[in-house]
> 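One structure coming up, written as structure tokens, with questions to follow.
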Amino acid sequence: MKVLKFGGTSVGSAQRIKDVAKLITGERNIVVLSAMSGTTNALVEISDYLYKKNPDGANEVINKLAQKYNGHIEELYNTEEYKQKAKELVKSHFDYIRTFTKDLFTLFEEKVVLAQGELISTGMMNLYLNEQGVKSVLLPALEYMRTDKNAEPDPAYIKDKLLKQLDQHKDAELFITQGYICRNAYGEIDNLQRGGSDYSASLIGAAINAEEIQIWTDIDGMHNNDPRIVDSTSPVRHLHFEEAAELAYFGAKILHPTCILPAKLNNIPVRLLNTMQPDAPGTLISNSTEKGKIKAVAAKDNITAIKIKSGRMLLATGFLRKVFEIFENYQTPIDMVTTSEVGVSVTIDNRKHLEEIVDDLKKYGTVSVDEDMVIVCVVGDLEWDNVGFEARIVQAMKDVPVRMISYGGSNYNVSLLVKASDKKKALQALSDHLFNNK
Ligand code: ADP
Ligand code: ASP
Ligand code: MG
């Protein structure tokens, strides 16, 4: 059995839903769907109005969205019977969302509102398949996808509940389920964060020990640089799990950062494919690697660099522990670290406790902060006994001021910290030098 995940753009219109339906029929797999594109953003906007106690603003967005769905229904289904079924389904979800315009609105209600997008898209797809004569079955994610008290997925629970659900539908030809949504340790409706449908797919893949996890999106696999920013990027055909994880973590939007781990732990290959061009080869992510090759570049925004200078204390035993402890106390993860004899620099992307952290660090040295920075991450088989690749990376960056460089933490990445205003220049220079022979 395989797991096939289709993102928002892939199910973003009636025609796209029909195209996906053609791609998924014929094999008894589990299909994970996102909400139709734009829907989760609209649900966020509705929630925002409700937080601000503006029910009229919320109703306006709700009505517009509901109208859009009625248009999709007219175009998608052939028979009056199924148009009616779909209208009832969609209406029940919008009626439910409207109930929240009358009451107190908190984080709890917001999560319920955000969950409606995936519930609608999967319901519509399942009805369409049924209308086409396919015996598909809807698997309710809220009954098997669960996080624990640390808001981490609970693989044992997910496996147990999901296998039981599959067991109940022995004659099903195909399974459709929601990405992104789950219940938390208290049984409340929750989600796996924005873009989290990729994570749903890999958790499901791990639970059923799938033959393969396929992430279908709107581009032919992982490109060697961010195609939204850089000219002439091209697809990378093969990545190691570690390389893909680094790229996802450091900003390659095509994959949710957490999605690789469950697949890697269970050694399940992940294939990135293009719904608009289903025959293109895409990218295969697996346990094997192409030796000695720089594969791709990605960038992570909104980074803050913090430098602690202390000639007196740096080499003293326990200095780094004390510094790191401060970040731990404020539950603030560190991304990059560089050290010298007189100081240490680290980067964070969560600025919530920046002021307190800086205050506490001042006990140990002189502290300075650089905001609006970007981590540019070069990924590939960069084992240290390969020669020459560091030189190529540094050469590419010769006209860009670099605040930090980090290498050696893994065999798979070199990270460089630059100003946000230099991001495009840095990414383009790396592409030109490393991949396009310019
Ligand atoms: P989905 O809605 O299917 O989850 P996303 O929008 O989350 O799709 O991810 C696909 C998008 O990721 C692409 O359209 C592309 O613009 C963007 N992207 C950013 N970096 C990369 C990269 N290195 N390779 C491919 N796509 C990338
Ligand atoms: N619909 C959710 C989002 O837009 C989850 C996803 O698409 O992965 O973030
Ligand atoms: Mg996505």
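Atoms within each ligand, like the ligands themselves, are counted from 1 in listed order. Source: prediction; values computed, not measured.
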> Under 4.0 Å, heavy-atom basis, I'd like to know which part of Ser10 is in contact with ligand 1: side chain, backbone, both or neither.
neither

> What protein heavy atom is closest to atom 6 (C) of ligand 2, reported as residue, atom name and distance in Å?
Ser197 OG, 3.3 Å

> Would you mind telling me if ligand 2 is within reach of the side chain of His256, the backbone, both or neither, using heavy atoms under 4.0 Å?
neither

> Just wondering, are more than 12 heavy atoms of other shown residues or ligands nearer than 6.0 Å to CG in Asn54?
yes

> Any idea which protein heavy atom is nearest atom 12 (O) of ligand 1, and the distance to it?
Ile254 N, 3.5 Å

> Is Lys352 positioned over the aromatic face of Tyr330, cation under 6.0 angstrom from the ring centre and no more than 45 degrees off axis?
no

> Minimum distance, heavy atoms only, to atom 14 (O) of ligand 1: which one of Asp218, Thr9, Ile219, Asn224 is it?
Asp218

> Quick test: of every protein heavy atom, which one is nearest to atom 8 (O) of ligand 1, and how far off is it to 0.1 Å?
Thr217 OG1, 3.1 Å

> Are any of the N or O atoms of Asp198 closer than 3.5 Å to those of ligand 1?
no

> Could an N or O of ligand 2 be found under 3.5 Å from any N or O of Gly195, whether backbone or side chain?
yes

> Among protein heavy atoms, which lies nearest atom 7 (O) of ligand 2, and at what distance?
Ser34 OG, 3.0 Å

> Using a strict cut-off of 4.0 Å, indicate which atoms of ligand 2 neighbour a heavy atom of Glu118.
1 (N), 2 (C), 5 (C)

> With heavy atoms under 4.0 Å as the rule, classify the contact between Asn225 and ligand 1 as side chain, backbone, both or neither.
backbone

> Output the distance between atom CD (Gln193) and atom CG (Asp190), rounded to the nearest 0.5 Å.
8.0 Å

> Evaluate ring pair (Phe, Tyr, Trp, His ring centres under 6.0 Å) for His93 paired with Tyr96, printing each intermediate quantity in order.
CA-CA 5 Å; His93 288 285; Tyr96 188 37; 7.8 Å; no

> Quick check: does Thr40 get an N/O under 3.5 Å from an N/O on ligand 2?
yes

> Out of the candidates Asn225, Asn224, Asn436, only one should pair with Ser234 under the side-chain hydrogen bond (donor to acceptor under 3.5 Å, both in side chains) rule; please name it.
Asn224

> Would you call the rings of Phe6 and Trp216 parallel, tilted or perpendicular if under 30° counts as parallel and over 60° as perpendicular?
parallel

> Does His256 reach ligand 1, in the sense of a heavy atom lying below 4.0 Å from it?
no

> What is the nearest protein non-hydrogen atom to atom 27 (C) of ligand 1, stated with its residue, atom name and distance?
Pro227 CD, 3.6 Å

> Rounded at 0.5 Å granularity, tell me how far OG in Ser288 sits from NE2 in His238.
3.5 Å

> Check the angle between the aromatic planes of Tyr407 and Phe389 and answer parallel, tilted or perpendicular using the 30° and 60° thresholds.
perpendicular

> If you measure only the distance, is there a donor-acceptor pair under 3.5 Å linking the side chains of Glu45 and Asn41?
no

> Report yes if Lys253 has an N/O atom closer than 3.5 Å to an N/O atom of ligand 1; otherwise report no.
yes

> Roughly how far apart are Leu107 CG and Lys111 NZ, rounded to 0.5 Å?
4.5 Å

> Under 4.0 Å, heavy-atom basis, I'd like to know which part of Lys5 is in contact with ligand 1: side chain, backbone, both or neither.
side chain

> Under a heavy-atom criterion of less than 4.0 Å, does Gly8 contact ligand 2?
no

> Is the ring pair Tyr51/Phe105 parallel, tilted or perpendicular, if the boundaries are 30 and 60 degrees?
perpendicular

> Which residue supplies the protein heavy atom nearest to atom 23 (N) of ligand 1, what is that atom called, and how far is it?
His223 O, 3.2 Å

> Go through ligand 1 atom by atom and flag the ones less than 4.0 Å from a non-hydrogen atom of Gly8.
2 (O)

> Ion pair present between Glu143 and Arg183, side-chain N to carboxylate O less than 4.0 angstrom?
no

> Does Gly251 reach ligand 1, in the sense of a heavy atom lying below 4.0 Å from it?
no

> For atom 3 (C) of ligand 2, what's the nearest protein heavy-atom neighbour? Residue, atom name and distance, please.
Arg194 NE, 3.3 Å

> Of the backbone atoms (N, CA, C, O) and the side-chain heavy atoms from C-beta on, which set of Arg228 has a member under 4.0 Å from an atom of ligand 1: side chain, backbone, both, or neither?
side chain

> Looking at Phe94, does the NZ or CZ of Lys91 lie under 6.0 angstrom from its six-membered ring centre and within 45 degrees of the ring axis?
no

